[in-house]
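Following: one structure in structure tokens, then a few remarks.
We count ligands from 1, going down the list as the structure has it; atoms in each ligand are counted the same way.
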Amino acid sequence: MAVGKRTFAFARFLRLAALGLALALLYVLTAVVVAQEPTPEATLYVVQPGDTLFSIAQRFDTTVEALVAANSIADPSLIRVGQKLVIPSPLPESVPAVEQVSQSRIHPVRAGETLPFLAFRYGATVWVLRAVNELGPLAEVRPGQLLEIPPPIAEHPGVPPLPTIMTQPAPGVQGQTMVVKVRGIGPLQLEGLLLDRDLWFIEEGGEYWALVGIGVLTAPGSYSLTLRVTEAESGDRITMQEPVTVTEGGFTTYNIVVPADRQSLLDPALVRAEQARVNAVFAQVSHTRQWNGLFGYPLAGELVTSSPFGQRRSYNGGPVSSYHAGHDYKVDEGTPVLAPMTGTVALAEPLQVRGQAVILDHGLGVMSGFWHLSQIDVQVGQVVGKGQVIGLAGNTGLSTGPHLHWEMRVFGVPVNPLQWTQQEFP
Ligand SMILES: [Zn+2]
């Protein structure tokens, strides 16, 4: 029996969750006691729901008799949850030695950091961080606050860690891309749901991540991230819920005056048909990630924004009927347009509203679009490298002057492309 390899019963995790704070406190007590234990081999175990002396004896390769003797137990049928048991001296190589308990660290909270983020980073749980720092159940952390970080919980027998979840940025922002990361103690199968969308998790180096595009029109507020976690080895399952906050994107409203000779381009039937064509391309998901590191800009030289991403729009003084799904740069006609990242050309054709258009597929649901070009220099299926010229900027389609419209989509949801020039995903 390989004692070092614990099987984790997720059903027990659920009961653990109910006991959360109490266990966290017990954990702290245990850590303290273990630290003072004179012999390095001695192990303290905190009795868990469902434990019996027999199951504990099996787990640590010892006997009920030895446990009874070591703990002066009067009635072996009566042990209680939370009780601390000394695990008697191990048979050779049979008990996982408790790691030397390292000293607690102090972490100054930085802007954007949350308890789940810090729990993820330090291999702790939110409960433990709250307990150690005497934070109330609803208290948040604030920048500059000093948090005590206990040693990683996984070093202590009897308190199996839950998978840790972290989202970035936190809180989420309208029109931005968010990454959800999950880390467990072994291989996991994950199903996730956030903002009515399924999450597609990618495994990299024992960590799992998924991208979510937060719509510009998503109402600010609190949403629930639901994760169904299956431990691959045992098949055990747990459903976890994490609150995710979405805040205002800070968008402005703008009235666009369309010249008389282009009024026909606002015909709803035409707008809808072209939308459907473009959305069908954006809905494709290729399975190879072609992006790596920060995105570049689609133009060289000085950038002049003429219309930012997310701006609410009315046309010719009408109602606010739409928002700006991309970021516009004022440019001279004929300025080379560059691929901001490696990608495969998914669309390269003239459209009526968007003018000469190119869409690049960067893989795993991430795409970028470039509208109103005067010339297209690429073909569908072609792979272009970061910085490669894909066409020339212009004034074709529903456009009131030479400019480049650059947009990005994450699983079809328009997101702010500038975020990808500042934040690396995943
Ligand atoms: Zn635009």
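In terms of heavy atoms, Val244 sits closest to Leu225 at CG2-CB, 3.8 Å.
Residue His405 counts as close to the Zn ion (ligand 1), with an N, O or S atom under 2.8 Å. Residue Glu407 does not count as close to the Zn ion (ligand 1), with no N, O or S atom under 2.8 Å. For the Zn ion (ligand 1), the set of nearby N, O or S atoms under 2.8 Å includes one belonging to His324.
Using modelled atom types, no side-chain atom of Thr396 and backbone atom of Ser374 make a donor-acceptor pair closer than 3.5 Å. Thr114 places a side-chain N or O within donor-acceptor distance of the main-chain N or O of Phe117, the cut-off being under 3.5 Å.
The atom name of the N/O/S atom in Asp328 closest to the Zn ion (ligand 1) is OD1.
Between Glu407 and Arg354 no salt bridge is recorded (no basic side-chain N to carboxylate O distance below 4.0 Å).
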